[in-house]
Structures are given as structure tokens and as C-alpha cells.
**Q** 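If you scroll down you'll find the structure; I have some questions about it.
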Amino acid sequence: MPALTRVFAKTSLFYLLVGLSTGVVLALRGWVRLPPLLTVLSPVYFHLLMLGWIAQLIFGVVYWMFPKYSPKAPRGREWLGWAVYGLLNAGLVLRAVAEPALAVYGGGWGGVLVIAAVLQWLAGLGFVVNTWPRVKER
């Protein structure tokens, strides 16, 4: 298994635990009084599970298992795969901070949220660019 796939898979498992823990915190809203910052975690919960867990696991498996690009570069551009990993996680962490902060404090957090979204979009674009040539008939 390539190193990039292992890193994507282990990071996805980390986000699974963080996402499920966020779900527990959200479930507590009806039972205990939580600080305002913790009551607005629904978008974060969604992003942690969909991008943090599911997308990263898919990206890692696709990088590993899809047909070879070429004998010289079987998985496409490795540097682009690492860039996708970095961009996706930087965007996800920024979003996990900016979403609740924007809901509670407003202000300049909207700009941080835009940056997070752009980083995630760039990660998606990089994934498609690196994967597209590997989607082919036998």
C-alpha cells in the first residue's frame, strides 16, 4: 500500500472518531447547557464525516487501486496527491474552526470560511486532474 494511501486512510479514521464525537456533543444539546460555540456544530459534523472520513478514505483507495497511469508513474503525479491531501485537510481544519466562529461571532470569520472552501475546491480539482487519466477501459 502506498504511503499516501496509508496517510489518507489513517487520517480518515481519525476524522471518523472526531466526527462521531462531534455527533455526541450535538446530541447533548437537549440534555445539558453547552457553550454557544458547541451548539452550532452541525455543519462541522457533516464536513468531518463527509470530507474528513468518507472523501479521504475514497481518495486514498482510488490513489492505490485505480488502473495504472503509466509504467513510469503508475499512480499519476505523486506530488499532486500529497498536495490534494494537504489542501483538503487545511481546508477542513479551517472550516471546522470558521463555521462555528462565524455563527457565534460573525465578523471576519466569513473570509476564513471562503479560504477554507477554496482550499477544499482546489483539493477536489487536484484529485480529479490526477485521477481522470486513470479512468479507462482495460
Side-chain angles (χ1 to χ4, degrees):
M1 180 182 298
L4 181 59
T5 296
R6 287 193 313 271
V7 170
F8 265 121
K10 287 183 177 184
T11 304
S12 78
L13 295 174
F14 168 77
Y15 280 119
L16 172 63
L17 293 177
V18 173
L20 292 175
S21 298
T22 304
V24 169
V25 170
L26 287 169
L28 290 173
R29 285 186 295 197
W31 297 84
V32 296
R33 185 168 169 84
L34 296 172
L37 202 59
L38 294 180
T39 63
V40 292
L41 291 176
S42 292
V44 173
Y45 173 67
F46 173 79
H47 281 96
L48 289 173
L49 291 179
M50 293 308 297
L51 290 173
W53 174 43
I54 303 271
Q56 288 203 74
L57 190 58
I58 291 170
F59 284 16
V61 171
V62 164
Y63 183 76
W64 177 30
M65 300 295 294
F66 268 38
K68 291 182 178 179
Y69 177 71
S70 72
K72 198 171 191 174
R75 293 182 176 86
R77 299 172 199 94
E78 185 176 0
W79 68 267
L80 185 54
W82 286 106
V84 165
Y85 175 81
L87 290 165
L88 184 64
N89 283 287
L92 187 54
V93 169
L94 280 178
R95 184 176 285 274
V97 171
E99 288 270 4
L102 179 64
V104 173
Y105 305 116
W109 288 102
V112 177
L113 196 55
V114 169
I115 292 168
V118 169
L119 291 174
Q120 291 174 325
W121 181 82
L122 288 171
L125 179 64
F127 175 74
V128 169
V129 165
N130 209 32
T131 304
W132 192 275
R134 296 178 66 191
V135 179
K136 54 188 173 184
E137 291 185 38
R138 288 184 172 237

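Just so we're clear, the structure is a prediction, and the values are computed from it rather than from any experiment.
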**Q** Checking N130 side chain against R77 main chain: does a donor-acceptor pair fall under 3.5 Å?
**A** yes
**Q** Please tabulate, for side-chain N and O atoms in residues 107-121, each donor-acceptor pair with protein atoms closer than 3.5 Å (sequence neighbours left out).
**A**
residue, atom, partner, partner atom, Å
Q120, OE1, R95, NE, 2.9
Q120, OE1, R95, NH2, 3.4

**Q** Is the backbone N or O of M1 less than 3.5 Å from a side-chain atom of T5, with the two atoms forming a donor-acceptor pair by type?
**A** no
**Q** Are the side chains of W64 and L4 in touch, meaning some heavy atoms are under 4.5 Å apart?
**A** no
**Q** Locate the shortest heavy-atom distance separating R134 from Y63; write the atom from each residue and the value.
**A** NH1-O, 3.0 Å
**Q** For the residue pair F8 and Y85, is the inter-centroid distance of their aromatic rings smaller than 6.0 Å?
**A** yes
**Q** Under 4.5 Å between side-chain heavy atoms, hopping through other hydrophobics if needed: is there a path connecting L41 to V93?
**A** yes
**Q** What are the two closest non-hydrogen atoms of L49 and L20, and how far apart are they?
**A** CD2-N, 4.2 Å
**Q** With the 4.5 Å side-chain cut-off for hydrophobic clustering, are Y15 and V24 part of the same group?
**A** no
**Q** Would a 4.5 Å heavy-atom cut-off, applied to side chains only, mark H47 and S42 as touching?
**A** no
**Q** Grouping I, L, V, M, F, W and Y whenever their side-chain heavy atoms are under 4.5 Å apart, do L57 and L17 come out in a common cluster?
**A** no
**Q** How many angstroms lie between atom CG of L16 and atom CZ of F14, to the nearest 0.5 angstrom?
**A** 11.0 Å
**Q** May I ask whether V135 and I58 are part of the same hydrophobic cluster, defined by side-chain heavy atoms of I, L, V, M, F, W, Y residues being less than 4.5 angstrom apart, directly or through others?
**A** yes
**Q** So which heavy atom on V129 is nearest to which on L80, and how close?
**A** CG1-CD2, 4.0 Å
**Q** Would you check, one step at a time, whether the test side-chain contact (heavy atoms from CB on, under 4.5 Å) holds for F59 with V84?
**A** CA-CA 9 Å; F59 284 16; V84 165; 3.8 Å; yes
**Q** List the steps, then state whether side-chain contact (heavy atoms from CB on, under 4.5 Å) holds for V7 with W82.
**A** CA-CA 10 Å; V7 170; W82 286 106; 3.7 Å; yes
**Q** Out of curiosity, S12 OG to L48 CG, how far, rounded to the nearest 0.5 Å?
**A** 12.5 Å
**Q** Which value, rounded to the nearest 0.5 Å, describes the distance between N89 atom CG and L51 atom CG?
**A** 10.0 Å
**Q** Rounded at 0.5 Å granularity, tell me how far CG in L122 sits from CG in L87.
**A** 6.0 Å
